[in-house]
Amino acid sequence: MSKTDGQRYIPYEERTGPEAIVYFTRDLSPSGLKKAYERVKGPITGKTAIKLHTGEPNGPNIIPAAWVKEFMAAELPQGTIIETNTYYDGDRYTTDRHRETLKVNGWSDFTTVDITDEQGTVMLPVNGGKWFKEMSVGKSLTGYQSLLALTHFKGHTVGGFGGSNKNIGIGCADGRIGKGMIHSKNGAMWGTVEEEFMEKMTESTKSVIDFFDGRATYVNVLRNMSVSCDCEGVGAAPVVTPNVGILASTDILAVDQASVDLIHAMTEKDHHDLLERIESRHGYRQLSYMKELGMGCDRYVLVDLDNGDVHITAAKAVEGVKPFAG
């Protein structure tokens, strides 16, 4: 049986079109975040939303709040972390419960998170989509001039992987209408899967980045990469994929494609679980559909920030990565 579009990984040599720039550092720390962001902050201006997955209570794999505190103080002291309430009934389902979770995870110690659907929703147009003409997002999202997607790259139960596309597409859709539009089908709350899910999520993302009209940038942190999303909190599957580093780009497709390419460049033992999760959920469709919608490039130049900006391959980037030690 031939693989579907969502199951097939397209090697670099088979891709066509222009190249974007993706910056890479192995420095997994607040300094690494700053180093990567410095190279892609050009589009950021004015009131800036930082889309971050703040996690379920005591979630072990999220980007540490202490890292983000130091990063924001240096780079975006006036930036605001944004979130939305969840579609599932849990510790972030209502605004009150969500704010308690933010306290538990340390975010309230240094900032006030804008839960963008707290005061309602707004519809953004989806240009060129086949599933949606518009998408419902948190109302206060439209009060920002710029967007930084600060993303913990990892697996995802439905999406296969969660990169910048998932962080925005699911994370900006409001907790009742927007997430329901993406997930539900034929009366089933979680009815949408495989290629249809990837396409609906990507159309949601497109509505948001089209709204920001070039004033967006993307940083993916490849650390503590469970096959589970951070929405699973302490119930996430154990991490077995090695930590790699941080990728940054002004091109959303390029940064997610490069993240997947780095996983592919690992040894079979190191990447087996995460690639199985991506392929079994048809997650590669996220990448091909972003390209079809004109959201970015799947070809890129990978710039090594740790070694004088030399251009490297994905294989070189993961050379010498150590097995995950917990």
Side-chain angles (χ1 to χ4, degrees), residues 33 37 41 43-57 59 62-88 90-124 135-152 162 164-182 201 204-205 207-213 215-219 221 229-231 233 252:
L33 285 179
Y37 174 74
K41 69 179 184 180
I44 302 300
T45 185
K47 185 179 179 182
T48 301
I50 304 170
K51 179 59 195 74
L52 181 76
H53 197 313
T54 53
E56 293 295 330
I62 61 173
I63 300 174
W67 289 19
V68 179
K69 178 182 179 180
E70 184 174 329
F71 165 77
M72 287 179 64
E75 298 290 347
L76 285 167
Q78 303 305 314
T80 302
I81 295 172
I82 65 166
E83 275 279 31
T84 53
N85 292 318
T86 58
Y87 184 49
Y88 54 86
D91 289 305
R92 296 184 299 134
Y93 185 66
T94 67
T95 297
D96 287 345
R97 284 150 72 179
H98 201 155
R99 294 210 179 280
E100 286 302 313
T101 299
L102 291 167
K103 290 179 184 177
V104 169
N105 286 347
W107 303 106
S108 301
D109 294 345
F110 67 94
T111 192
T112 299
V113 175
D114 179 5
I115 300 174
T116 62
D117 52 351
E118 180 176 10
Q119 301 299 327
T121 65
V122 65
M123 302 299 288
L124 296 181
M135 173 52 58
S136 181
V137 302
K139 185 176 182 179
S140 65
L141 177 69
T142 57
Y144 294 91
Q145 282 74 57
S146 301
L147 174 71
L148 164 62
L150 181 54
T151 302
H152 173 221
S164 288
N165 185 41
K166 182 268 173 187
N167 187 18
I168 296 171
I170 300 296
C172 290
D174 73 273
R176 301 297 176 268
I177 303 170
K179 288 182 175 68
M181 290 168 66
I182 298 167
M201 175 171 64
S204 176
T205 299
S207 76
V208 173
I209 64 174
D210 283 356
F211 170 79
F212 284 103
D213 192 24
R215 300 182 305 277
T217 201
Y218 314 93
V219 176
V221 179
C229 178
D230 293 331
C231 351
I252 187 172

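Quick caveat, the model's predicted, so the values are computed rather than measured.
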Side chain to side chain contact (heavy atoms under 4.5 Å, CB included), that's the test. Do I252 and I209 meet it? Break it down for me. CA-CA 9 Å; I252 187 172; I209 64 174; 4.1 Å; yes

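- T111 is listed as a side-chain neighbour of I81, based on a closest heavy-atom distance under 4.5 Å.
- Minimum interatomic distance between S204 and G169 (heavy atoms only, all atoms of both residues): OG-O, 2.7 Å.
- Using a 4.5 Å heavy-atom cutoff, the side chains of I170 and Y87 are not in contact.
- At a threshold of 4.5 Å between non-hydrogen side-chain atoms, the residues Y37 and I44 count as touching.
- Minimum interatomic distance between E56 and T101 (heavy atoms only, all atoms of both residues): C-CG2, 3.9 Å.
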Side chain to side chain contact (heavy atoms under 4.5 Å, CB included), that's the test. Do Y144 and I82 meet it? Break it down for me. CA-CA 10 Å; Y144 294 91; I82 65 166; 3.8 Å; yes

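- For the residue pair H152 and D230, a side-chain donor N or O sits within less than 3.5 Å of a side-chain acceptor on the partner.
- Between L150 and I50 the shortest heavy-atom distance is CB-CG2, 4.1 Å.
- The minimum heavy-atom distance linking C231 with Y88 is given by the pair CB-OH, 3.3 Å.
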Residues K47, Q78; criterion side chain to side chain contact (heavy atoms under 4.5 Å, CB included); working and verdict: CA-CA 7 Å; K47 185 179 179 182; Q78 303 305 314; over 6 Å; no

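- The shortest distance between side-chain heavy atoms of T142 and F212 does not fall below 4.5 Å.
- Evaluation of the salt bridge (charged side-chain N to carboxylate O under 4.0 Å, His left out) test over residues 75-85, restricted to residues two or more places apart or in two chains, returns K41-E75, K51-E83, E83-R92.
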Worked check of side chain to side chain donor-acceptor pair (under 3.5 Å) between T95 and N85: CA-CA 7 Å; T95 297; N85 292 318; 3.1 Å; yes

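- Side-chain atoms of T121 and D174 include no donor-acceptor pair closer than 3.5 Å.
- Proximity of a side-chain donor or acceptor of S164 to a complementary backbone N or O of A149 within less than 3.5 Å is not detected.
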Start with the C-alpha gap between T116 and V137, add the side-chain angles, then the distance that decides, and say whether side chain to side chain contact (heavy atoms under 4.5 Å, CB included) holds. CA-CA 8 Å; T116 62; V137 302; over 6 Å; no

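- Among residues at least two apart or in separate chains, salt bridge (charged side-chain N to carboxylate O under 4.0 Å, His left out) pairs with a member in residues 108-124 are R99-E118.
- By the 4.0 Å N-to-carboxylate-O rule, R97 lies too far from E100 to be salt-bridged with it.
- Nearest approach of C229 to K166, heavy atoms of both residues: SG-NZ, 3.5 Å.
- In this structure, the side chains of L124 and D210 stay at 4.5 Å or more apart for every pair of heavy atoms.
- Here the side chains of W107 and K69 are not in contact, with every heavy-atom distance at 4.5 Å or above.
- Looking only at atom types and distance, the side chain of K179 has a donor-acceptor partner in the side chain of T84 under 3.5 Å away.
- Heavy atoms only, all atoms of each residue included: N105 and T54 are closest at ND2-O, 3.1 Å.
- For the pair R176 and Y93, the cation sits on the ring face: its NZ or CZ lies under 6.0 Å from the ring centre, inside 45° of the axis.
- With contacts defined as side-chain heavy-atom distances shorter than 4.5 Å, the pair M72/P77 does not qualify.
- The side-chain heavy atoms of T151 and V221, taken from C-beta on, include no pair separated by under 4.5 Å.
- Applying the side chain to side chain donor-acceptor pair (under 3.5 Å) rule to T112 yields no partners; only residues at least two apart in sequence or on another chain are considered.
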